[in-house]
A.B. asks: 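First the structure, which I've put down as structure tokens, then a few questions once you've had a look.
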2 protein chains.
Amino acid sequence: MDTSVARAFSILEAVARAPAPVRLSDLAHDLALQKSTVHRILKTLSALGYVDQEAVTDRYRPTLKAWEVGMVAVRNHPVRRAAAPFLTDLQTATGETVSLTVLSGDDVLYLDKIVSPRPMKFSTQPGSRIPAPLAAGGQAILAHEPEAAAIVRRVAARLLNRRDFDSDAFLRQLLVIRERGYTLSRPEPDVVAVAAPIMGRDGRAAGALTVSGPASRLGETEQQAAIEALLLACARLAETVGQI
Amino acid sequence: MDTSVARAFSILEAVARAPAPVRLSDLAHDLALQKSTVHRILKTLSALGYVDQEAVTDRYRPTLKAWEVGMVAVRNHPVRRAAAPFLTDLQTATGETVSLTVLSGDDVLYLDKIVSPRPMKFSTQPGSRIPAPLAAGGQAILAHEPEAAAIVRRVAARLLNRRDFDSDAFLRQLLVIRERGYTLSRPEPDVVAVAAPIMGRDGRAAGALTVSGPASRLGETEQQAAIEALLLACARLAETVGQI
DNA sequence: AAACGCTGTTCCGCCTGACGGAACACGGGG
DNA sequence: CCCCGTGTTCCGTCAGGCGGAACAGCGTTT
């Protein structure tokens, strides 16, 4: 286990995570590393183009190289590639925000998103993650996940008392969702989200598509239309994903 | 210069770049490294969550962690943050594809993009880069760039004879663009792109906004409307960017 | 069936190169 | 003017990365 490599990545993550350019001393302090070590690694990262240094303050900030590297990987992501056209179709069909999520650990990761041109509250952005049970897409995925119980248990422990989350009730709910083929949830008051799983060949969900919007625009009839379009898109997607 | 760190990043980049999961031997061969070295570093990267190994074939593939790290950095990007609302406004106003680019080396990097719901050819995606002089946004930026001449010269050398690119004519063209305040170009037959610079306080362009679409939809009147909206957005943006 | 070539993996001795404490240069504040 | 903070550099020590070689497993070839 190359310690130097592990440190380099923890430094890069710390620099990237910081909302403003960060100083060497703070990095060294926060990561419990020697200043000279952090300095040497930062110079290496800078030579590699992952980090640069503000001219005046000597503070360090991330470049966009890590993003570029990540973007080529995400562009090659098979599910994302397959789902991309369906995302745009769903967006034009429903007029609302459409997003693609995949399971990553106990969280759901927003891989892609096409936002509604119509006004919408702040929402999760691509690249962000939230505990799977708390997202409509995550529920759709968990409904077909063998390890769902373990995930739900761990998430419940993580959330603790942040909100009243009943694991057992949630697991029962997953059975209903599995039976029905889609989720309809209200993550926040005035927000409606419907999601359906993209089934892979192994019987697990390779991801989920979600349509979300304000309750004022998504009435009964609009919800039904969205669900129908969603299920159709996911069924078609399952065919192409199954071939991978 | 930590050799181990540099090697780790070159390995990560190689794994990310590969369109399909890659084998250890190929990595070692391509990067001219010892198999055992590549193996050790891959195990480290795997422990850090940047890479994982296919169960059956033992091949290595990138995870989405590099992307996540990059995304938080790009979300904190000041120009992107400031420009985001203007992008959506421009998209709804013009109905066409709107993108935000910044200068990165001699290239222009696509930081953000809102695609038109209307049909459009394949186009550059966020995270990709192309030589600045070849993009409308790049021309808008270069028109205010002190080092434009050097960049144009280097790009011309890089392109060589790939297309007939006249550096001197292009530099003269930049003066016109600077004077006019925007670019109107036809990067491909049947595609029209208009771009304007987002001026920073130092007199250089912090980025550029571009509206692009098929020539069939962007006639004289639509072009004029797009240019007007573009210039207004860039002017407003310059105010907020100037305060950073 | 046995030898081969390929894969990913592991072992281990050598020695380089990372480590970290200390000293340095610069800069603003008290 | 000194002190505390910053980022930077130096250098002796020694751990840990390096890489050659050997290993185990699998398919194909002979």
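Sequence lines set the chain letters: A, B, ... in the order given, protein chains first and strands last, and positions in each chain run from 1.
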A.B. asks: Within the 4.5 Å heavy-atom criterion, are A:Val98 and A:Lys113 side-chain neighbours or not?
C.D. replies: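 Result no, sub-4.5 Å side-chain heavy-atom pair not found.
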A.B. asks: Going by atom types alone, do B:Ser10 and B:Glu13 pair a side-chain donor with an acceptor below 3.5 Å?
C.D. replies: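 No - no donor-acceptor pair under 3.5 Å links their side chains.
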A.B. asks: How close do A:Ala132 and A:Leu142 get, heavy atom to heavy atom, and via which atoms?
C.D. replies: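 The answer is CB-CD1, 3.9 Å.
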A.B. asks: Any side-chain donor paired with an acceptor under 3.5 Å for B:Glu54 and B:Thr57?
C.D. replies: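 B:Glu54 vs B:Thr57: donor-acceptor pair found between side chains.
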A.B. asks: Listing request: all ring pair (Phe, Tyr, Trp, His ring centres under 6.0 Å) pairs with a residue in residues 8-62 of chain A, at least two apart in sequence or in separate chains.
C.D. replies: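 Applying ring pair (Phe, Tyr, Trp, His ring centres under 6.0 Å) to every pair that reaches into residues 8-62 of chain A, excluding sequence neighbours, yields A:Phe9-B:Phe9, A:Phe9-B:Tyr50, A:Tyr50-B:Phe9.
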A.B. asks: Tell me the closest heavy-atom pair linking B:Trp67 and A:Met71, and the distance in Å.
C.D. replies: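 Heavy-atom minimum between the residues: NE1-SD, 3.2 Å.
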A.B. asks: Given side chains that start at C-beta, do those of B:Val211 and B:Thr97 come closer than 4.5 Å, heavy atoms only?
C.D. replies: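 Answer no - side chains too far apart.
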A.B. asks: Rounded off to whole Å, could you give me the CG-to-P distance for the A:Leu42 and C:dC19 pair?
C.D. replies: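 Answer to the nearest Å: 12 Å.
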A.B. asks: Contact between B:Ile151 and B:Leu103 at the side-chain level, heavy atoms closer than 4.5 Å - yes or no?
C.D. replies: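 Yes, close enough: below the 4.5 Å cut-off.
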A.B. asks: Indicate whether any N or O donor in one side chain lies under 3.5 Å from an N or O acceptor in the other, for A:Ser46 and A:Asp52.
C.D. replies: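 No pair is found: no donor N or O on one side chain lies under 3.5 Å from an acceptor on the other.
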A.B. asks: Of all of residues 23-39 of chain A, which get a heavy atom below 4.0 angstrom from DNA chain C, listed by number?
C.D. replies: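 Contacts with DNA chain C under 4.0 Å: A:Gln34, A:Ser36, A:Thr37.
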A.B. asks: Within the sub-3.5 Å range, which N or O atoms of nucleotides 26-30 of chain C have a protein N or O partner, and how far apart are they?
C.D. replies:
none

A.B. asks: Taking only heavy atoms on the protein side, list every residue of residues 46-60 of chain A lying under 4.0 Å from any atom of DNA chain C, sorted numerically.
C.D. replies: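 Nucleic-acid contacts, sorted: none.
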A.B. asks: Extract, from 5' to 3' on DNA chain D, the first and final nucleotides lying under 4.0 angstrom from some heavy atom of chain B.
C.D. replies: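 Endpoints of the contacted stretch of DNA chain D: D:dG17 to D:dG20.
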A.B. asks: Is it the case that the side chain of B:Asn76 and the backbone of B:Val72 share a donor-acceptor pair, with hydrogens and angles ignored and the cut-off at 3.5 Å?
C.D. replies: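 Here the side-chain-to-backbone pair exists.
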A.B. asks: With a 4.5 Å limit on heavy-atom distance, are the side chains of B:Val22 and B:Arg59 in contact?
C.D. replies: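 The answer is no, as the side chains (C-beta and beyond) never meet within the 4.5 Å cut-off.
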A.B. asks: When the C1' atoms of the five terminal pairs at each end define the local axes, what inter-axis angle does the helix from C:dA1-D:dT30 to C:dG30-D:dC1 show, to 10 degrees?
C.D. replies: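 Rounded value for the end-axis angle: 10°.
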A.B. asks: Does the side chain of A:Ser104 come under 3.5 Å of the side chain of A:Arg129 through a donor N or O and an acceptor N or O?
C.D. replies: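 A pair is found: one side chain offers a donor N or O, the other an acceptor, under 3.5 Å apart.
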A.B. asks: If you round to the nearest 0.5 Å, how far is CD1 of A:Ile198 from OG1 of A:Thr101?
C.D. replies: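 Rounded to the nearest 0.5 Å, the OG1-CD1 separation comes to 7.5 Å.
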A.B. asks: Assuming nearest nucleotide by heavy-atom distance, tell me which of B:Arg7 and A:Lys43 is located more 5' along DNA chain D.
C.D. replies: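 Of the two residues, A:Lys43 wins.
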A.B. asks: Please determine whether a side-chain nitrogen of the Lys or Arg among B:Arg158 and B:Asp107 lies less than 4.0 Å from a carboxylate oxygen of the Asp or Glu.
C.D. replies: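 Salt bridge between B:Arg158 and B:Asp107, a charged N being under 4.0 Å from a carboxylate O: yes.
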A.B. asks: Output yes when a side-chain donor or acceptor of B:Arg75 lies under 3.5 Å from a complementary backbone atom of A:Pro126, and no otherwise.
C.D. replies: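 Yes, because the side chain of B:Arg75 sits within donor-acceptor range (under 3.5 Å) of the backbone of A:Pro126.
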